[in-house]
Structure formats: C-alpha cells, structure tokens
S.K.: 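A single structure is presented below for examination.
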Amino acid sequence: MKRSHNCNALRKSDIGATVTLAGWVDRRRDLGGVIFADLRDKYGKIQVVFDNPEVNPIADTIRNEFVIWIEGTVIARPAGMENPKLDTGDVDVMVTTIKILNKSEPPPLAINDHNEECKENDDLRLRYRYLDLRRPWIQKNLILKSRFLGEVHAFFRKNGFEEIETPILCKSTPEGARDYLVPSRVNPGSFYALPQSPQQYKQLLMIAGMDRYYQIARCFRDEDLRADRQPEFTQIDVEMSFVEQEDVMGMFDNFVSEVLCKVWNFEAPQAIPRMPYSEAMLRYGSDKPDIRFGLEISDVSSIVVQSEFGVFKNVVNSGGVVRGIAATGCVEFSRKQIDDLTSYVGRYGAKGLVWMRVKDGGEVETQVGKFFTVDQLNALRDAVGAKAGDMMFFIAGPEKMASNATGQLRLEIGRIKGLMNPKVRKFLWVTDFPMFEFSESEGRYMSTHHPFTAPLPEHLDMMLNGNLKDCLAHAYDLVLNGVEIGGGSIRIHNPDVQEKVFRLLGLTAEQVQEKFGFFVDAFKFGAPPHGGLALGLDRVLATLEGQDSIRDFIAFPKNTSASSPMDNSPSPVDAEQLQEVHITLNLPKKA
RNA sequence: GGGGUGGUAGCUCAAUUGGUUAGAGCACCGGCCUGUCACGUCGGAGGUUGCGAGUUCAACCCUCGUCCAUCCCGCCA
C-alpha cells in the first residue's frame with residue numbers, strides 16, 4: 001500500500017527504478033492490447049502503462065476516479081512520444097502489479113476536464129464539493145491559501161505580534177451587521193452572538209497590555225450574500241498599541257511588499273499611494289477606486305447650470321450635481337451600446353445618461369446640442385478632458401447617486417475597453433473617511449466604519465459639538481484593483497469620547513450601559529492609544545488571482561441562500577433539541 | 001425585500017413561427033483496436049423538458065402561480 005513516489009515525482013533520471021504509486025484514475029485510454037491511464041494526486045499526473053496479461057484484465061475494469069495502487073518500472077517514453085503537458089511527461093511507469101483500492105461511480109462532475117473552467121452550475125458543484133475539490137486548479141487555490149497563511153504568520157511573528165484566540169461565542173451588540181445567534185441552554189432566554197469580527201476583544205487585548213496582536217479570525221455576518229461575500233469568512237485581524245495611523249499603514253505597506261509580493265511574485269510598489277475619501281468619490285465615484293486605468297470623473301455642475309438644458313439645470317439648482325467622464329476612444333459606441341450603458345447606470349439610480357461625441361476637429365456632437373452654446377460644449381469637453389475620438393457621458397442627480405452611478409459607469413467602460421488587466425496590481429490607501437453617514441432607512445447617523453473609530457483629532461470638537469456631517473474619521477481602507485481588501489482605524493481610547501459616540505449614534509445611556517458598559521468601563525483603567533486593521537483573507541486571494549468570486553478559495557462555501565447543498569445545512573432540529581435551549585418556533589405562514 | 005438571467009438525458013447545451021419520433025458532445029454499457037495522452041472506431045441504453053394550473057386541435061416554446069440556482073440593487077465593511 002505504501003507509495004514510493006507521488007504522481008509528480010518521476011523524471012528521466014528515475015528510469016529503470018522500481019516504484020509504487022497510488023492515486024485516482026484521471027483518464028483511461030484502452031487501445032485494445034495496451035492500456036494507458038493517467039494517475040492523479042495532489043502533486044500532479046503521471047501516465048502508467050498496462051501491457052501484460054497479469055495486469056490487463058484488471059486494468060480493463062478501472063474507470064475514472066477509481067483509486068488504484070500500482071507497482072512498476074519507470075521507463076523512457078519512445079522518442080517523440082513525450083508529453084510536454086505533464087511534468088512527468090518524459091517517462092511512463094510500466095505496471096507489474098495493480099490493486100484497485102476503491103471503485104467509483106461515474107462522477108457527476110467532469111473532474112478531468114482539460115480546460116480549467118468548470119461549466120457545471122454552482123449548486124451541483126457545492127453538492128459534490130469533495131469532487132469539485134479534486135480538480136487540480138481548485139486544489140491549487142487552497143494550497144496557495146495555505147502557503148499564504150504560512151507567510152502571514154511568519155511576517156507578524158517577525159514583527160513582534162502575538163497570535164491570540166478570541167471567543168466565537170460572544171455578546172450580541174447593536175450596530176453593524178445582523179448577528180448570528182446561538183441560544184444558551186444553561187441561561188434560558190439568553191443568546192450568544194457569533195463575532196462579526198473580534199473588534200472589541202482585540203481592543204481589550206490592547207488594554208490588557210498585549211501590545212501587538214494578530215489572529216486569523218473567522219467572522220460571521222447574517223446578511224445577504226454576493227459572489228464576494230460569505231456568511232462566514234476569514235480576516236487577518238491586527239491591532240497595535242501606541243501607534244498612529246502612519247504606523248499601522250506602514251506595517252501593511254511592508255506586508256504588501258514582503259508577503260504579497262513574495263507569494264504572488266510581483267514587484268513591490270515603490271509606495272502605496274494615498275487618497276482622501278472625498279477625492280476618491282469625486283475623481284472615481286467610489287470609495288475603492290480601481291486606479292489601473294484613467295477615465296477619471298469631473299464635476300461639470302458649474303458649466304451646465306449656465307445652459308438651457310432643463311434637466312441638468314434643475315438638478316444643480318436643487319442641490320444636485322452633474323458628473324462627466326471622457327470615454328477615451330469610444331466615439332464609435334453604437335446606439336445599442338449607449339442604451340445598454342443607460343440601463344446599466346439605471347441600476348444605480350441614474351435617471352438618464354447624456355452622451356456627447358467629440359468629432360475629428362474637436363467639435364462636440366450631441367442630441368441635446370440645442371440647449372448648449374458652442375462655448376459651453378467646448379467647456380464641457382475641456383472639463384472632462386475629452387479629445388477627438390472620445391465619447392463623453394454625463395449623469396445628473398443628488399451627489400451620492402450621481403457620484404456612484406458615474407463611478408459604476410467608469411468601471412463598466414473599463415471592462416468594455418479591456419482596461420482591467422488582472423496582472424496589474426494597483427494598491428491604494430483611502431483615508432479620511434467621514435465619521436458618520438446618514439441612513440435614510442434608519443433615520444439616523446450611523447458609523448461609516450464602526451463605533452470604535454476615532455475622529456481626526458482636529459475634528460473632535462466638531463463631533464462633540466454635534467456636527468456629524470463634516471466630521472472625518474481616523475480610518476483607512478486598503479484597496480487593490482478596485483476591491484476593498486482591508487480596513488482599519490485608530491480607535492477611541494478615551495471612555496468619555498467613546499460614550500459620546502454611542503450616544504450620538506442614538507443609543508440611550510441605558511443602552512450604552514447594557515450593551516457596551518463593560519467596554520467603556522475597560523477604558524477607565526488606563527487604555528493605551530491603539531489602532532489596527534483587518535484584511536479579508538479570501539478577498540485578497542481572489543483579487544490577486546484575478547477572480548471575482550471568493551467561493552473557489554473556501555473549501556466548503558455556502559450558496560446564495562447561505563445554505564450548503566452538500567450537507568443540507570441549515571436544517572430543522574428535533575423538538576427535544578429546541579426544548580433544551582428553550583425555543584419555540586414561530587414560522588412564517590406559507591402562501 | 002426588489003430586479004435581471006437561467007432550470008430540457010448523469011454533465012454541458014440545442015430544438016426555426018406553437019406542429020406531430022425532443023437532438024448533439026462528454027460520461028455510461030457492449031464490440032473492435034499494441035503508443036495513446038481530450039485516443040480512435042462501430043453499436044446500444046438513457047427524458048415526468050423544475051413543479052402546478054391555464055390557453056390551444058396541438059405547449060420545451062405562450063399566460064399565471066410556485067420552487068430552486070445565479071448575478072445585481074437594497075443590506076453588509
């Protein structure tokens with residue numbers, strides 16, 4: 001049963017050796033007299049040959065995904081018969097003994113598909129995830145993750161961080177995402193929450209004097225899923241004492257150049273550029289700009305308000321904005337392409353999309369030309385930086401919507417023009433986030449980051465005086481190719497300020513005491529200034545691999561309904577189990 | 001909660017304007033084949049067209065409902 005080599009080990013230099021191998025049958029080719037089979041394991045593939053009456057009757061019966069063990073001799077392939085697609089392609093193993101260790105039914109997934117894209121739908125893949133995971137290219141993802149984590153540990157240990165575990169059974173707190181709840185059997189009617197992140201624990205570790213903490217932390221959020229969002233996911237969670245923003249960001253500048261560049265083998269950025277949130281929103285219409293390409297956005301409100309174009313004028317006069325973008329080299333966009341873009345930005349609330357073409361001589365051609373003077377059209381062209389051969393697009397509306405919709409338009413044009421090269425890695429720090437955002441649905445201000453984030457020191461008084469709109473936070477996000485891969489902040493370490501922030505968020509003194517009392521109290525016993533950052537492990541992997549979905553970097557992910565088709569979780573439980581945890585069900589009526 | 005797309009053989013897909021026997025490739029089963037490597041070749045089996053109603057002489061196709069998946073908005077850092 002022992003194997004002398006794995007399936008990727010044998011080379012020309014091994015010719016003549018007697019070896020034993022074990023693995024899965026990737027593919028069998030029966031030529032009548034001689035039978036070939038590709039044997040596969042985690043390490044690779046090798047072709048084995050059956051050409052004697054002792055073994056061929058058994059080799060006749062093997063099928064895809066059978067697990068076999070063979071003994072044989074390494075032989076050179078006949079000249080011209082080498083297979084350059086295999087690392088082991090210079091040799092064969094001539095089999096002298098074969099044992100079938102296990103049979104396999106025909107697999108419902110094409111594990112041996114030669115191209116690295118799987119066409120099976122996700123539901124099927126997740127139902128048979130253990131087969132899906134046999135595909136070499138997806139194993140490669142998990143192996144890469146494992147190797148990456150090794151480097152992560154090495155980096156933080158080298159920099160004096162301690163790896164400390166924090167509870168999975170936590171206290172449910174308001175703010176942030178919806179909690180996953182766990183009923184307590186011994187405390188009837190009480191519930192734990194699974195952590196959305198170890199935020200409070202890591203801050204308490206700073207108060208405890210641990211100075212530098214990191215953890216590969218599992219986080220849970222009961223919100224609707226996306227391709228890049230799972231109900232449980234992993235963060236590289238970090239916190240440091242006696243630091244300022246520069247110290248935390250500097251640590252992660254090093255992390256990028258020492259860990260990410262090493263694992264993914266790309267050149268370290270000279271310095272990761274920084275951009276204030278307000279600038280990111282204006283120039284890119286996003287708090288996570290993809291700076292791999294230009295197509296920057298300009299505000300043209302002051303120009304269009306002079307025109308006779310009612311739509312734009314009214315928007316600006318009622319407090320809205322008009323944003324424009326020069327789609328470089330897109331003058332030939334068809335009517336249909338423009339219609340598609342119009343409905344695309346409609347998803348983000350844009351009521352319409354105004355387009356203008358810049359002709360060869362530089363003159364501007366547009367359907368709405370009669371509402372503008374030539375000077376105004378030229379001013380628009382120059383404001384967005386359009387040249388002959390470019391198409392200009394404009395979106396009007398309330399600032400938040402117009403900004404976002406134009407930003408999404410920019411990304412879509414980038415996709416259409418193929419400007420998103422996954423081989424290019426552009427990191428960016430976005431800083432100076434607003435401390436609070438007004439939530440229409442909640443009817444109150446909410447923390448942009450989380451309620452433990454400190455305001456900029458120069459904005460503290462502003463905040464204490466109740467000006468939440470203009471108050472900026474000591475927060476920073478790390479962005480890679482337009483994906484937010486991490487975020488952090490300098491934390492509040494003054495109990496009075498922390499209490500005040502909770503109150504500004506609408507919590508009563510009683511609620512603060514009940515939900516966060518222990519936390520505020522902790523700061524009364526000598527809390528050091530501290531701050532930190534958390535990186536989304538799965539997103540870092542997916543983004544650096546040029547993938548949109550994090551699912552292929554998680555061994556057993558959930559589907560969009562947060563369930564697992566493989567083991568059918570979540571699932572109902574016995575009445576006795578419910579009784580033990582003092583729960584009675586109150587299910588929604590089915591129509 | 002809302003919108004888009006999809007659901008046909010084990011898998012991936014096709015099926016003209018609604019038209020009579022729902023096809024192909026892969027996989028599977030059987031035959032042939034001694035250098036293939038996505039082997040080839042001959043043959044065979046395999047279908048509640050997601051589910052339920054309705055329209056029609058006739059429904060994979062049209063209508064309504066419903067379930068599931070997926071992508072997105074809201075939500076979520």
Side-chain angles (χ1 to χ4, degrees), chain A residues 26-38 45-52 56 63-65 75 77-86 88-89 92 94 104-115 117-128 131 175-179 196-197 199 219-231 233 235 287-288 343-349 401 404-405 408 430 433 437 439-442 446-450 453 475 477-479 483-489 533-536 539 548-549 551 559-561 563 565 590-591:
Chain A
D26 192 64
R27 205 179 279 278
R28 186 184 71 117
R29 289 174 293 278
D30 182 352
L31 274 63
V34 65
I35 298 170
F36 298 96
D38 294 329
K45 290 179 195 169
I46 185 165
Q47 176 169 271
V48 299
V49 188
F50 301 91
D51 193 13
N52 86 52
N56 281 32
R63 292 294 180 273
N64 289 348
E65 300 312 313
I75 59 169
R77 289 197 178 199
M81 290 294 165
E82 298 85 1
N83 185 349
K85 290 181 197 166
L86 297 183
T88 57
D92 285 331
M94 184 61 71
S104 171
E105 292 182 12
L109 304 176
I111 296 163
N112 60 9
D113 200 350
H114 59 283
N115 56 30
E117 62 182 77
C118 50
K119 287 171 280 184
E120 290 91 356
N121 73 49
D122 278 18
D123 195 37
L124 192 78
R125 291 180 58 199
L126 290 183
R127 181 144 42 108
Y128 297 99
L131 298 181
E175 294 296 309
R178 195 177 293 113
D179 283 327
Q196 296 174 27
S197 81
Q199 184 62 35
C219 305
F220 306 85
R221 289 175 191 165
D222 187 4
E223 296 291 349
D224 287 350
L225 276 58
R226 290 283 191 284
D228 64 345
R229 264 195 250 156
Q230 283 278 307
F233 59 99
Q235 284 187 344
D287 62 355
K288 42 182 192 289
S343 65
Y344 185 79
V345 295
R347 301 211 302 235
Y348 303 94
M401 183 282 285
N404 179 242
Q408 295 293 345
V430 178
F433 280 78
E437 277 175 321
S439 163
E440 300 291 342
S441 57
E442 299 275 324
M446 297 175 66
S447 296
T448 302
H449 199 70
H450 55 56
T453 301
D477 277 359
L478 184 56
V479 176
V483 177
E484 181 210 322
I485 58 170
S489 62
L533 188 143
L535 282 183
R539 269 192 198 172
D548 291 330
S549 174
R551 287 192 191 173
N559 68 11
T560 2
S561 310
S563 57
K590 274 208 164 179

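Hydrogens, waters and symmetry mates play no part in the numbers below; they use all other heavy atoms, side chains included. For clarity, every value in this text was computed on a predicted model and none was experimentally measured.
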S.K.: Check whether the side chain of Arg229(A) and the base of C75(B) form a donor-acceptor pair under 3.5 Å.
M.R.: yes

S.K.: How is Arg127(A) classified with respect to the nucleic acid when contacts are heavy atoms under 4.0 Å: base, sugar-phosphate, or nothing?
M.R.: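 No contact.
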
S.K.: Remember a base hit wins even if backbone is also touched, and classify Ala177(A) as base, sugar-phosphate or nothing at under 4.0 Å, heavy atoms.
M.R.: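 Sugar-phosphate contact only.
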
S.K.: Should Gln196(A) be listed as having a side-chain N or O under 4.0 Å from OP1 or OP2 of C76(B)?
M.R.: no

S.K.: Determine the Euclidean distance between corresponding C1' atoms of U8(B) and G23(B); express it in Å to zero decimal places.
M.R.: 11 Å

S.K.: With a cut-off of less than 4.0 Å, is there a side-chain N or O of Ser561(A) near OP1 or OP2 of C68(B)?
M.R.: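 No, because none of the side-chain N or O atoms of Ser561(A) sits under 4.0 Å from OP1 or OP2 of C68(B).
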
S.K.: So what does Ala227(A) touch, heavy atoms closer than 4.0 Å: a base, only the sugar-phosphate, or nothing?
M.R.: sugar-phosphate

S.K.: Between Lys85(A) and A38(B), is there a side-chain N or O to OP1/OP2 distance below 4.0 Å?
M.R.: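 Yes, Lys85(A) has a side-chain N/O under 4.0 Å of OP1/OP2 on A38(B).
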
S.K.: Strictly under 4.0 angstrom, non-hydrogen atoms only: write out the protein contact profile of nucleotides 31-36 of chain B, one letter per nucleotide from the 5' end, B, S or -.
M.R.: --BBBB

S.K.: Would a 4.5 Å heavy-atom cut-off, applied to side chains only, mark Asn83(A) and Gln47(A) as touching?
M.R.: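 Answer no - side chains too far apart.
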
S.K.: How would you label the contact of Gly176(A) with the nucleic acid (heavy atoms, under 4.0 Å): base, sugar-phosphate, or nothing?
M.R.: sugar-phosphate

S.K.: Taking N or O atoms only and anything under 3.5 Å, show me the protein contacts with nucleotides 27-30 of chain B, one pair per line.
M.R.:
unit_1: C29(B); atom_1: OP2; unit_2: Arg63(A); atom_2: NE; d: 3.2

S.K.: Taking the same atom, C1', in C33(B) and in G40(B), what whole-Å distance lies between them?
M.R.: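 Between the two C1' atoms, the distance is 8 Å.
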
S.K.: Do the side chains of Arg27(A) and Asp38(A) get close enough for a salt bridge, i.e. N-O under 4.0 angstrom?
M.R.: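 So Arg27(A) does not pair with Asp38(A) through a salt bridge.
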
S.K.: Pick base, sugar-phosphate or nothing for His449(A), based on heavy-atom distances below 4.0 Å to the nucleic acid.
M.R.: base

S.K.: Roughly how many Å is it from CZ in Arg551(A) to P in A69(B), rounded to a whole number?
M.R.: 10 Å

S.K.: Closest approach to the side chain of Asn83(A), judged atom by atom: which nucleotide of G1(B), U12(B), C37(B) is it?
M.R.: C37(B)

S.K.: How close do Pro108(A) and Leu124(A) get, counting heavy atoms only, and between which atoms?
M.R.: O-CD2, 3.7 Å

S.K.: Is Leu109(A) touching bases, backbone alone, or none of the nucleic acid, heavy atoms closer than 4.0 Å?
M.R.: nothing

S.K.: Scan Asp548(A) against the nucleic acid and name what it touches under 4.0 Å (heavy atoms): base, sugar-phosphate only, or nothing.
M.R.: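 Counting heavy atoms under 4.0 Å across all strands, no contact is made by Asp548(A).
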
S.K.: How far, in whole Å, is C61(B) from A15(B) if one measures between their P atoms?
M.R.: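 Those two atoms are separated by 14 Å.
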
S.K.: Check whether any side-chain nitrogen or oxygen of Asn121(A) sits under 4.0 Å from OP1 or OP2 of A69(B), and answer yes or no.
M.R.: no

S.K.: Between C29(B) and C37(B), how far apart are the two C1' atoms, rounded to whole Å?
M.R.: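 These two C1' atoms come out 24 Å apart once rounded.
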
S.K.: When the C1' atoms of C67(B) and C28(B) are considered, how many whole Å apart are they?
M.R.: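 Taking atom C1' in both C67(B) and C28(B), they lie 30 Å apart.
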
S.K.: Pick the closest RNA chain B nucleotide for Tyr348(A) and for Arg221(A) by heavy atoms, then say which residue is nearer the 5' end.
M.R.: Tyr348(A)

S.K.: Which base sits across from G40(B) as a Watson-Crick or G-U pair, both distances under 3.5 Å?
M.R.: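 Pairing partner, where one exists within any strand: C32(B).
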
S.K.: Using both distances under 3.5 Å as the test, list the Watson-Crick or G-U wobble partner of G52(B), or none.
M.R.: C64(B)

S.K.: Report, as yes or no, whether the 6.0 Å neighbourhood of atom CG on Asn52(A) holds more than 12 heavy atoms from other residues, nucleotides or ligands.
M.R.: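 Result for CG/Asn52(A): enclosed.
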
S.K.: With both distances under 3.5 Å as the test, what is the Watson-Crick or G-U wobble partner of G23(B)?
M.R.: C13(B)

S.K.: What nucleotide, of A77(B), C73(B), C76(B), holds the atom closest to the side chain of Glu223(A)?
M.R.: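 Nucleotide nearest to Glu223(A)'s side chain: C76(B).
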
S.K.: With a 4.0 Å cut-off on heavy atoms, is Glu105(A) in touch with a base, just the backbone sugar-phosphate, or nothing at all?
M.R.: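 Result for Glu105(A) = nothing.
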
S.K.: I'd like to know if Arg226(A) reaches the base of G74(B) with its side chain such that a donor and an acceptor end up less than 3.5 angstrom apart.
M.R.: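 For Arg226(A), whose side chain was compared with the base of G74(B), there is a donor-acceptor pair (under 3.5 Å).
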
S.K.: Applying a 4.0 Å non-hydrogen cut-off, can you work out what Thr448(A) is touching in the nucleic acid: base, sugar-phosphate, or nothing?
M.R.: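 Answer is base: heavy atoms of Thr448(A) come under 4.0 Å of a base.
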
